[in-house]
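One structure is given here, and the rest of the page talks about it.
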Protein chains: 2
Amino acid sequence: MTGPMYRRIAEDLRGQLESGLILPGTRLPTELELRDRYGAARNTIREAIRLLTHQGLVETMPGRGTFAVQRLEPFVTTLSAGPLPAAPELGLSGGEGESAFAEIRSRGRSPHASAPKVSVQLAADHVAARLRVLPGTQVVSRRQERYIDDMPWSLQTSYYPFEFVTMGATDLVRAESIPVGAASYLEQRLGLVQVGYRERLLVRQPTKDEARFFGLPDDGRISVVTLVRTSYRASKAGPVPFRVTFTVLPADRNQLVVDSGAVPDELATPALA
Amino acid sequence: MTGPMYRRIAEDLRGQLESGLILPGTRLPTELELRDRYGAARNTIREAIRLLTHQGLVETMPGRGTFAVQRLEPFVTTLSAGPLPAAPELGLSGGEGESAFAEIRSRGRSPHASAPKVSVQLAADHVAARLRVLPGTQVVSRRQERYIDDMPWSLQTSYYPFEFVTMGATDLVRAESIPVGAASYLEQRLGLVQVGYRERLLVRQPTKDEARFFGLPDDGRISVVTLVRTSYRASKAGPVPFRVTFTVLPADRNQLVVDSGAVPDELATPALA
DNA sequence: GCAAATTTGTTCGTATGTATT
DNA sequence: CAATACATACGAACAAATTTG
């Protein structure tokens, strides 16, 4: 009973949404109907709906109406599954060839990816810093769009020193997937052995491009998780980075899992709360 | 030049914010000044500011004004640092006693935590499922508020089967920190050995309580990362969960790192982009 | 394919309330 | 207490997107 009217209206509607009185995917009453029902101005109704929108409970479509959101079934990605040689990277976070796709299919979901968009660029600062090269150095960029059950799932861009191409790893600049995975390919061609990687996670607002690709609202209501994976090879002076991969995942349809030591190998099921 | 006026105004202001023309922490012109400057209605100015607010670029305070947000220095937490015995949990994500705090101090930041709030509860569904007990079973809950440089940093709640107390681990229900860490304590008292853990990350809107504690807006603009850590002990039938910990971290001041294999042990520095 | 009806989006103007200085 | 600044609320008009006839 306390607080501004638009909040009380939002609370009332939220109750109807959470109690199942308004089912996911169905349309809410129109703004004019709600205005009459609550005896408020249309603008006040719009404030209430805006609040629910920013809380991710409803979404509005011009000319159509306001709809209760469908809960997406989150997809679970495993980040590290113990020591390196024992377990290949799962779930595509590392994107190592076809094995990752097989993992996803085994969970009854169907993945596919666009052909990589390959380009040679001058390294931006955040790429150069991670590859430990000077900004402006030539790097190969490989970008892929990934889908699960035809739903946009992740955007992934990897960067390699262009040097690798001149040394003989010419498939890096071909616009098609490397079936064995890029890490294995580099090992075969250049004898370059991956000894570890570091993954950094940050949460931020989507860019305009990302919002368009994932079908997210362009006002930053839904965050994306950025996974920065730096892969290292051995050298006399210690581990040296040879690749950096940026994976962008929308937070409304993804969960991440990190295992350490002995854990049950049950199928990863999404967690609430 | 395209689109609604409030978006063009927001774009213009955003440019001034990003170019440094308006410095972080300083006040923007008042709504009435902006109304005159852009020749728009005050409501239109408010729409523009609302957009920037939801993008996390500015924040408004009644009676004071609208301010460019201070970029928080993100704190980096390491989730898993290789095999279990080799590296203790860092950065408090596991919250194992004083060693975690020492790690933070070594990075030149000063951590502290509230005394744990201990209570005995009936296990909610999401707790019961992870501990593999029946919903409604008695569990011990230990809740702590954690700060870095006096800034609210994380909320952490751990659940243990109440059985552990009757078996002799009575310190679990004392409202003070367990200096050696709860895992070591349970090993000393009950001979219970942790063999692994699984961490699940999800991103969601903060609850009202979380928003108040972290000083976040209550309309869900800034997400929180929930870290669900299930700790396992050995048994003849395989790993069995003995503790579940929920850690809530606001996404605007935290980054997470996962290492695997050999990586440089440089100090964790925040990453942009 | 077009026109009308429906529904949300944008913009204006105005008045009053609440928090801070 | 007064002035300032943002918050809430009302009413109105037209625009843009979509569906329907």
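Chain A is the first sequence line, chain B the second, and so forth, proteins listed ahead of strands; every chain is numbered from 1. All figures in this text were calculated on a predicted structure; none of them were measured in a lab.
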Quick one: [X] [atom1] to [N] [atom2], roughly how many Å, whole number?
X        : N       : atom1 : atom2 : result
Arg7(A)  : dA7(D)  : CZ    : C1'   : 10 Å
Arg50(A) : dT8(C)  : CZ    : P     : 14 Å
Tyr38(B) : dT11(C) : OH    : P     : 14 Å
Ile45(B) : dC12(C) : CD1   : C1'   : 12 Å
Asp36(A) : dC10(D) : CG    : P     : 13 Å
Ile9(B)  : dT11(C) : CD1   : C1'   : 10 Å
Glu47(A) : dA7(D)  : CD    : C1'   : 9 Å
Ile49(A) : dA9(D)  : CD1   : C1'   : 16 Å

Distance-only donor-acceptor check, side chains Ser119(A) and Gln121(A), under 3.5 Å: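 The answer is yes; a qualifying pair exists.
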
Closest heavy-atom pair and its distance - Leu52(A), Ala10(A):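 Closest heavy-atom pair between Leu52(A) and Ala10(A): CD2-O, 3.7 Å.
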
ring-ring contact (aromatic ring centres under 6.0 Å, His included) involving Tyr147(A) - partner list, sequence neighbours excluded: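 With neighbours one apart ignored, the set is His112(A), Phe213(A).
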
Derivation and outcome, side chain to side chain contact (heavy atoms under 4.5 Å, CB included), residues Phe246(A) and His126(A): CA-CA 11 Å; Phe246(A) 298 85; His126(A) 65 280; 3.4 Å; yes

Any side-chain N or O of [X] below 4.0 angstrom from OP1/OP2 of [N]?
X        : N      : answer
Arg46(B) : dC6(D) : no
Thr66(B) : dC6(D) : yes
Thr30(B) : dT4(D) : no
Thr60(B) : dA5(D) : no

Phe214(A) side, atom CZ; Ile222(A) side, atom CD1 - distance, nearest 0.5 Å: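 Answer for the CZ-CD1 pair, Phe214(A) versus Ile222(A), is 11.5 Å.
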
Glu31(A), nearest nucleotide to its side chain (from dC10(D), dT11(C), dG9(C)):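 Among dC10(D), dT11(C), dG9(C), the one nearest the side chain of Glu31(A) is dG9(C).
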
Closest to side chain of Pro4(B), choosing from dC12(C), dT11(C), dT8(D):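 When the side chain of Pro4(B) is considered, dT11(C) is the closest of dC12(C), dT11(C), dT8(D).
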
Test log, rule side-chain hydrogen bond (donor to acceptor under 3.5 Å, both in side chains), inputs Gln144(A) and Arg142(A): CA-CA 7 Å; Gln144(A) 263 188 315; Arg142(A) 294 175 64 86; over 6 Å; no

Sugar-phosphate only, base, or nothing, as touched by Arg35(A) at under 4.0 Å among non-hydrogen atoms: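 Since no nucleic acid heavy atom lies under 4.0 Å of Arg35(A), the category is nothing.
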
Protein-to-nucleotide contact annotation, 5' to 3' order, nucleotides 12-21 of chain D [B base; S sugar-phosphate only; - none; under 4.0 Å, heavy atom]: BB---BSS--

side-chain hydrogen bond (donor to acceptor under 3.5 Å, both in side chains) between Arg204(B) and Thr226(B), intermediate numbers included: CA-CA 8 Å; Arg204(B) 59 169 172 79; Thr226(B) 301; 3.1 Å; yes

